[in-house]
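Quick notes on the structure that follows.
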Amino acid sequence: MADEKENRYDPAAIEQKWQERWAADPKLYAAEPATSSKPKYYVLEMLPYPSGQLHMGHVRNYAIGDALARQMWMRGYNVLHPMGWDAFGLPAENAALKNHTPPREWTLRNIADMKRQFERLGMGFDWATEVTTCLPDYYRWNQWFFLRMYERGLAYRKKSKVNWCPECATVLANEQVIDGCCWRHEDTKVEQRDLVQWFFRITAYAQELLDDLDKLDGWPEKVRTMQRNWIGRSEGTEVDFFLEEINQGIGNREQGTERQGSGIRDQGSEKQGTGEQGNKGAEKQGPRDQGTRGTAKTRIRVFTTRVDTIFGATSVQLAPEHPLVTEFCAADSALKHQIDGLIEEQRKAREAGDLGAIEKHGIPTGKFAINPYNGQEVPIWVANYVLMEYGTGAIMSVPAHDERDFEFANKYGIEIRRVIKPVEEFEGCETLPFISEDGVLVNSGEYDGMSCAEAQRRLQKAAETGGFGEAKVIFRLKDWGVSRQRYWGTPIPMINCERDGLVAVPDDQLPVLLPEKIEITQQGGSPLARVPEFVNTTCPKCGGPAKRETDTMDTFVDSSWYFYRYTDAKNAKAPFDPAIVKYWFPIDQYIGGVEHAILHLIYSRFWTKVMYDLGLVKNDEPVQRLFTQGMVIKDGAKMSKSKGNVVSPDDMVARYGADSARMYSLFAAPPDRDLDWQEDGVAGVSRFLGRVWRIVTRHSEMARGGAPRSGALDETGGNTNKGTQLLRKLHQTIAKVSLDFEGRWHFNTDVAAIMELVNEMQAADAQFAAGEIPAPVVRELLRSLVLLLAPFAPFLAAELWEELGGEGAVLRASWPKSDPGLAKEDEIEIPVQINGKLVTVVRVAAGADSKAIEVAALANEKVRERVAGKSVAKVIVVPGRAVNLVVK
RNA sequence: GCGGAAGUGGUGAAAUGGCAAACACACCAGCCUUAGGAGCUGGCGCCCAAAAGGCUUGCGGGUUCAAGUCCCGCCUUCCGCACCA
């Protein structure tokens, strides 16, 4: 009975043994240099934030990537499978506040803890290329890139309305605001504030980011759609409505423009600035200022996608924050009071996240504007459904052909004038608003009778000729605000000199080091501003006294290019060697959560395109194939502390071992679907691994001694029948698992297939024990089983590979090849249907042709009973699949 | 409102248009035992006492010799976007 005990699967002992061995062999998971003759494969999982604790989502993410990496190693690829730490960010500052631990210390300790967890899980990462974003040898290159962007006008500063998270006490990018709340603090409402901020001109790449989505056919369609919507390209027309006081306006023109140069109006130039194709921010002022003939004082520029309806415009609607409104208010305190109320209401709604839910209402300004096409005067209103952030902040209102305008006009009794009629009259076509573009113009002067599309072209042309408008493409995407009023981030490498103004830190003075000695407090504003040794410096130009920029960069900067650094992580002279990057890029397979579909993945694409234009990389997209795994949930809900349904990986590993935890996370659901964590399931996988352990160890001696099977099956001798059956199952399993790794990735069915194989082997245990299975077959079965398991259960596979006398590391063993001859069945069952209904099955030879199958089916007893007295009108045979008799 | 994904046993799930429920969990019965979170054998969609038989992939239509799978309409859930002019 001591035997029994010895023969017990003991994951704790096995895993400890191999963890130690692997730790002592850092070369095991190291990539070969870019000169390697092997084909390269770059598999990457998104790097974690070092919170100090891995969660089940991580286990799943890295189990998927590690399985792929291991299989590619076994297939002889030069695999790059790196790992790093997204190590800047707010939690470190919060921890500092709470425990008086410096952020750096806290972060590095967490990294050490998580690294241990990774090693305990047996993840095959090459730690030699580890990237830690909070260390100066990494973030100095953030600064370096920032300067390259600044030189090209891609990094710029402006005052703007920003999203402010009171919890983080910092600014958030639009992408980081979710339902009006902070992406890190789901219950914290984001406020609006005015601040001078640094931006990256991602809008300069809007068209390219959109167009190149078409190339990313290895990405989930869902992610591509989300990015397309986020970029939000819209084709239309900008048209100037003339102001009544046109003559008064001209006198103030120059003054007016200048006064607004850096204020709210600058916002306008930002969103328009780079909307045009090909303009990659060479001009720091957007082209809009050139494009606008006249100023806000003489004209109101509106954007519309339906210029064909312009003869139906019965009012002009301005956003409450529109500069012209401010101007109107200056002379009219009653109006100002009303507008302030409107802005306040909107602000509240925005903070509550239900901007779309508030009722439409507006305020008449008492002023009028002139439609440039027909000279008609229309009233100017201020409406709460017009957004300053989109388009020009002003619209023409066409109630007859727009739902929102219709609702608004009805409420306030504004004229509704129909200008589009359907091409063909149909029931209900008289109902307004009529939104369709499938129509012809009426009540539109010389344009009457034209199709909507043609009218749009003609009207655009007329606007261009007349100098009161132009065709225009606008994007919803806005520039990326990167300033954060935080300590624990990359310092922005800029200096303000009293004499020279804004001066970039020269390359040779990088990195701008984050000061170590700092007291983290809860006061608002940039913590760095309270560190005189940091702030006070000398101007690189004149040597005079100057002050450093005290904001730090958004941490999404770090993650926008980290995967390039992995290829050349120790480079002290450059972010990376372009030649090495050229070998490894693009990333063959990137794996992570879908929650990064927009933020991280659009910033990364932008960064790559900038690097491409800088001549640093040859690839214009970073990622060839993207895989988004599902969430790990428990009891139907996302794991969270507040719900008390968190399962700790450490706990699972302690109870069942890393192999079981990993394999369960692959077995319980296909990787792209959400996974419901059921502990009984982990126990089940653990029992399965125990069966594998027993089968292999019980018969390993026989396998170890033997030579490889050579040639034909009848050489195997002994119980050829059983051996043949098992080999067939084996080779079928190899074929299935191998195929799945090619891209389908239904690892859950692969694990199931391996379980079937093991079940069949277990059923033949008596024959194994009796020595009826020839040694070469036993050897092949056991070795191949272990190899098949190696990507999923690396510890057990390593142990059993050694037990079987395998040469070298199992990771270096060749992935088994399926022999189609062995995998083939001799005889198969064919379902027989009568009139599409299953009646029975018949056994036929595997290669049987249609005729043979038909004969077999008609000869079947059950079939004859049912066909008796009727006639068989038709026989459909799908060889190898089914036979269907149409009987009348 | 727009866009996307999904809906199959008690549960997680499987199924190139060709035997629905593989594999596992839970449960039931039995065996074994130095009683373990162990091992082995068998059962397990629903209806019917059982067999025979019938029914079954959210609902309703359709295409097809044949539909969980394709098409049309609807319902539900989840995700993303949302007054985007």
Side-chain angles (χ1 to χ4, degrees), chain A residues 1-2 4-5 8-9 178 220-230 232-234 236 302-306 309 317 319 346 349 353-360 383-387 389-398 402-405 407-408 474-476 594-595 597-598 630-631 636 655-656 664 667-670 672-688 690-691 694 746 748-756 758-759 762-763 765 829-841 873-878 880-887:
Chain A
M1 285 304 114
E4 278 296 311
K5 214 158 203 173
R8 187 121 149 224
Y9 171 48
I178 293 148
E221 194 51 51
K222 177 192 171 82
V223 173
R224 294 201 282 171
T225 305
M226 282 168 73
Q227 291 210 357
R228 245 175 234 125
N229 293 340
W230 190 261
R233 185 181 196 271
S234 208
V302 304
F303 175 77
T304 177
T305 53
R306 290 297 305 276
T309 65
Q317 304 286 345
Q346 225 168 352
D354 55 3
L355 202 57
I358 58 175
E359 200 192 331
K360 289 180 188 35
N384 67 343
Y385 70 97
V386 180
L387 308 172
E389 307 86 68
Y390 186 76
T392 60
I395 62 163
M396 63 176 198
S397 176
V398 185
D402 182 282
E403 274 179 44
R404 294 153 303 177
D405 296 342
E407 187 187 333
F408 191 87
I474 65 169
F475 293 92
R476 207 189 75 108
V594 74
E595 64 272 19
I598 295 176
M631 279 190 309
R655 290 190 203 197
Y656 303 102
Y664 172 74
F667 173 62
D672 55 335
R673 289 246 290 263
D674 284 352
L675 175 138
D676 194 65
W677 194 272
Q678 295 183 1
E679 193 175 327
D680 287 333
V682 189
V685 170
S686 175
R687 285 199 294 270
F688 165 70
R691 280 198 293 278
R694 284 190 300 277
H746 280 198
N748 55 330
T749 62
D750 295 330
V751 174
I754 297 170
M755 286 173 169
E756 283 187 55
V758 170
N759 289 347
Q762 179 157 299
D765 200 54
E829 283 188 339
I830 301 282
V832 181
Q833 298 172 318
I834 291 180
N835 296 333
K837 231 169 130 59
L838 179 76
V839 171
T840 185
V841 297
K874 199 173 172 188
V875 182
I876 294 119
V877 183
V878 185
R881 278 283 170 211
V883 52
N884 190 10
L885 310 173
V886 183
V887 172

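These numbers come from a predicted model, not from an experiment. Below, read A as the first sequence line, B as the second, and so on, with proteins coming before strands; counting in each chain starts at 1.
Here B:A35 presents its P atom at 11 Å from CZ of A:Arg8, a figure rounded to the nearest Å. Nucleotide B:G4 holds its P atom 15 Å from the CD1 atom of A:Ile598, rounded to whole Å. A straight line from OH of A:Tyr385 to P of B:A85 spans 13 Å, rounded to a whole angstrom. In this structure, the CG atom of A:Asp674 is 13 Å from the C1' atom of B:G12, given to the nearest Å. At whole-Å resolution of the value, CD1 in A:Ile754 and P in B:A14 are 16 Å apart.
For A:Arg673, a side-chain nitrogen or oxygen approaches OP1 or OP2 of B:A14 to under 4.0 Å. In this model, the phosphate group of B:A85 is not approached by any side-chain N or O of A:Ser397 to a distance below 4.0 Å at OP1 or OP2. Using a 4.0 Å cut-off, no side-chain N or O of A:Arg476 falls inside it from OP1 or OP2 of B:A85.
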Enumerate all atom pairs, one protein N or O and one N or O from nucleotides 1-3 of chain B, separated by less than 3.5 Å.
none

Detail all sub-3.5 Å separations between protein N/O atoms and N/O atoms belonging to nucleotides 17-19 of chain B.
unit_1, atom_1, unit_2, atom_2, d
B:G18, O2', A:Arg881, O, 3.1
B:G18, N2, A:Gln833, OE1, 2.9
B:C19, N4, A:Glu829, OE1, 3.0

Enumerate the protein-to-nucleotides 55-58 of chain B contacts in which both atoms are nitrogen or oxygen and the separation is below 3.5 Å.
unit_1, atom_1, unit_2, atom_2, d
B:C55, OP2, A:Lys837, NZ, 3.3

Restricting both atoms to N or O, compile the protein contacts to nucleotides 22-29 of chain B shorter than 3.5 Å, with distance only.
unit_1, atom_1, unit_2, atom_2, d
B:A22, O2', A:Glu756, OE2, 3.1
B:A24, OP1, A:Asn759, ND2, 3.0
B:C25, OP1, A:Arg687, NH2, 2.8
B:A26, OP2, A:Arg687, NH2, 3.4

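Among the atoms of the strands shown, none is found under 4.0 Å from any heavy atom of A:Gln227. A:Val832 comes within 4.0 angstrom of nothing in the nucleic acid, heavy atoms only.
A search for salt bridge (Lys or Arg N to Asp or Glu O under 4.0 Å) contacts involving A:Asp672 returns nothing, not counting sequence neighbours.
Side chain A:Lys874 to base B:C65: no donor-acceptor pair is found below 3.5 Å.
Taking atom P in both B:C75 and B:C59, the straight-line distance is 15 Å, to the nearest Å. Nucleotides B:A14 and B:G80, compared at atom P, are 23 Å apart to the nearest Å. Using atom P as the reference point in both B:A26 and B:C81, the two lie 39 Å apart (nearest Å).
In this structure, A:Glu595 places its CD atom where more than 12 heavy-atom neighbours from other residues, nucleotides or ligands lie under 6.0 Å away.
Using a 3.5 Å distance cut-off with no hydrogens or angles, the side chains of A:Gln317 and A:Tyr385 do not pair a donor with an acceptor.
Among the nucleotides B:A85, B:A14, B:C83, the one closest to the side chain of A:Thr304 is B:A85.
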### Query
Can A:Thr304 and A:Val398 be said to form a side-chain contact (heavy atoms from CB on, under 4.5 Å), step by step?
CA-CA 10 Å; A:Thr304 177; A:Val398 185; over 6 Å; no

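Helical stems involving RNA chain B, defined as 3 or more consecutive Watson-Crick or G-U pairs under 3.5 Å, span B:1-7 with B:75-81, B:10-12 with B:23-25, B:27-31 with B:39-43, B:45-47 with B:53-55, B:58-62 with B:70-74.
Aromatic ring orientation, A:Trp677 versus A:Tyr664: perpendicular (interplanar angle above 60°, classes split at 30° and 60°).
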